[in-house]
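Numbered from 1 within each chain, the chains take letters A, B, ... in sequence-line order.
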There are 2 protein chains.
Amino acid sequence: MARRSDHNRGELHDIALSAARKIALTEGLKGLTARKVADEIGYSPGTLYNVFGDMDDLIIQLIAQTLDELYIYLASVRGEGNPIDDLKLILEKYIKYLEGHRNLWNILFEHQLPNDRSLPDWYTIKLAKLLGIIENALSPIFPSGQEDACANSARVLWASLHGLNSLSEAGKMRTVSAQSFQELAEILIVCFVKGLQQTQKEIDTTMPEVH
Amino acid sequence: MARRSDHNRGELHDIALSAARKIALTEGLKGLTARKVADEIGYSPGTLYNVFGDMDDLIIQLIAQTLDELYIYLASVRGEGNPIDDLKLILEKYIKYLEGHRNLWNILFEHQLPNDRSLPDWYTIKLAKLLGIIENALSPIFPSGQEDACANSARVLWASLHGLNSLSEAGKMRTVSAQSFQELAEILIVCFVKGLQQTQKEIDTTMPEVH
DNA sequence: TAATATATTGAACATTGTTCATAATCAACC
DNA sequence: GGTTGATTATGAACAATGTTCAATATATTA
């Protein structure tokens, strides 16, 4: 058989990703197989390989879509210029997103590209956009000219939240009294940001501004 | 064929784990298959299932062994009671271990137990022992009676380091100017600990000791 | 209408984890 | 030593995975 005019290439790409998203939401990474996606869209497994290079490709695109989605979700947060408060608001929204998309979101850190392959540029760009939200919240701490330091701090915070979420999700962090992810994340945010502020204060004292 | 008296149950268990470790060191989680382990020890795949419940079981035991190994490695660090300095020493040793055991160590966070299974108690105990090292380094910050807060902070730090390592390993954190894991981890440690200390100071000021 | 291009297929391959009847060996007893 | 019985390793077999590709059915063009 061949050549149905049900969908063109682009449409196929989109409905396949939608199907993948649907499966991922309920079954997670392990349930996300080529055959299931193919079944879901009413095409054969082989067809997927005309649209995606391989399953890793499809998964990366699904993750990228998810990054976009979270970005839109978090971009609605209106901060007031206080890093700790603003980050707590962002965290709250982040957690709300997580709760509705657990299995989908976990794919973000469960999936690992083979060592010999690296992430495409458009992926890195989407990620940078999301990190921009954290950078923005942290920016009041850093004087102009220290944008790199701010970006690094945002990445540290981002990765740390990942770690917290990942380990508590996997049950690899049985805490003293069953602390929730949110509680631990707030400890992280409060202490980390306070530390950043303290560091800046120390720099100001040691090297006073030149007028 | 059957019943060779080459090895008893316990020996089989040990040489299988050794073989798994060897494979894991060079090929990581994806290369760690039942057939490869069986080949390596000169037995058939089926034999593995007389010794381990399944591959997840074997992998959990491999991870536990690795936790033990890292504990012994890190326990040799002699701190001086300054949390930041001590944690930096621990970090240095941790990184040294990582460098020699990259693929093995990554299994720790790459591997995910199916949702319906939870980690055995002896695993949690080994993990707690390792966390004790961080708790110990943090302990000067906390007054007695706040052991739980100390334990929570240690867990936050541990998970955060995981996140940093995991994302930088996966190339999912392309930093501004190619910061190394060590640089980012030091930012985390310094800021987080400063924040903890600052928080304690604030508590002391607000609620002065009762004599 | 005929020829050409192309999209879809699904059977096929190599690998996975895992199971289990079979067979080989050891231990005990006569 | 021989027979029996329990135990243990086996490897073929199964289902499921990602992936490939010759065959084929349909659109498009001439």
Side-chain angles (χ1 to χ4, degrees), chain A residues 1-20 23-24 26-63 103 107 110-117, chain B residues 1-20 23-24 26-63 103 107 110-117:
Chain A
M1 335 210 156
R3 191 134 186 194
R4 297 150 36 173
S5 48
D6 307 7
H7 307 96
N8 61 32
R9 200 82 154 206
E11 289 170 337
L12 225 54
H13 177 275
D14 293 348
I15 60 170
L17 265 188
S18 294
I23 295 166
T26 57
E27 308 185 46
L29 184 58
K30 290 206 174 160
L32 186 57
T33 72
R35 282 173 178 81
K36 270 193 203 152
V37 175
D39 268 7
E40 183 77 26
I41 64 176
Y43 281 80
S44 74
T47 299
L48 281 182
Y49 287 81
N50 296 333
V51 182
F52 300 93
D54 52 22
M55 279 304 282
D56 279 326
D57 183 22
L58 186 152
I59 292 168
I60 292 292
Q61 299 206 29
L62 179 62
I63 293 177
N103 296 323
I107 294 180
E110 278 178 31
H111 177 257
Q112 301 262 5
L113 226 39
N115 286 333
D116 53 352
R117 283 177 63 179
Chain B
M1 330 212 159
R3 192 135 186 198
R4 297 152 36 172
S5 48
D6 307 6
H7 308 97
N8 63 30
R9 202 78 155 207
E11 288 169 340
L12 225 53
H13 178 275
D14 292 347
I15 61 170
L17 265 188
S18 294
I23 294 166
T26 57
E27 308 185 45
L29 185 58
K30 292 205 174 160
L32 187 57
T33 71
R35 283 174 177 80
K36 270 192 203 153
V37 175
D39 269 5
E40 183 77 27
I41 63 174
Y43 280 80
S44 74
T47 299
L48 281 182
Y49 287 81
N50 296 335
V51 182
F52 301 94
D54 52 21
M55 277 306 281
D56 278 327
D57 182 22
L58 185 151
I59 291 168
I60 293 293
Q61 299 207 29
L62 178 62
I63 292 176
N103 296 324
I107 295 180
E110 278 178 30
H111 178 256
Q112 302 262 5
L113 226 39
N115 285 333
D116 54 351
R117 284 177 62 179

Just how far, in rounded Å, is [atom2] of [N] from [atom1] of [X]?
X     : N      : atom1 : atom2 : value
B/N50 : D/dT10 : CG    : P     : 9 Å
B/E27 : C/dT15 : CD    : C1'   : 14 Å
B/I15 : D/dA9  : CD1   : C1'   : 13 Å
B/D39 : D/dA9  : CG    : C1'   : 15 Å
A/R9  : D/dA27 : CZ    : P     : 17 Å
B/L48 : D/dT8  : CG    : P     : 16 Å

Would you indicate what B/L58 reaches in the nucleic acid, counting non-hydrogen atoms under 4.0 angstrom: base, sugar-phosphate, or nothing? nothing
Please answer whether the main-chain N or O of B/L58 pairs with a side-chain N or O of B/Q61 as donor and acceptor at a distance below 3.5 Å. no
Identify each atom pair where a protein N or O and an N or O of nucleotides 17-19 of chain D are less than 3.5 Å apart, giving names and distance.
| residue | atom | partner | partner atom | Å |
| --- | --- | --- | --- | --- |
| D/dG18 | OP1 | A/A34 | N | 3.3 |
| D/dG18 | OP2 | A/A34 | N | 3.0 |
| D/dG18 | N7 | A/R35 | NH1 | 2.8 |
| D/dG18 | O6 | A/R35 | NH2 | 3.0 |
| D/dT19 | OP2 | A/Y49 | OH | 2.7 |
| D/dT19 | OP2 | A/M55 | N | 2.8 |
| D/dT19 | O5' | A/Y49 | OH | 3.4 |
| D/dT19 | O4 | A/R35 | NH2 | 3.4 |

List the residues meeting side chain to side chain contact (heavy atoms under 4.5 Å, CB included) with B/D56, not counting sequence neighbours, and say none if there are none.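 So B/D56 forms a side chain to side chain contact (heavy atoms under 4.5 Å, CB included) with B/D54, B/H111, B/L113, B/P114, B/R117.
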Under 4.0 Å between a side-chain N or O of A/S44 and OP1 or OP2 of C/dG10? no
If I take atom CD1 from residue A/I41 and atom OG1 from residue A/T47, how far apart are they, to the nearest 0.5 angstrom?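 Spacing of CD1 (A/I41) from OG1 (A/T47) equals 7.0 Å.
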Please say whether more than 12 non-hydrogen atoms of neighbouring residues, nucleotides or ligands are located less than 6.0 Å from CG in A/N115.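 At most 12 heavy atoms, drawn from other residues, nucleotides or ligands, come within 6.0 Å of this atom.
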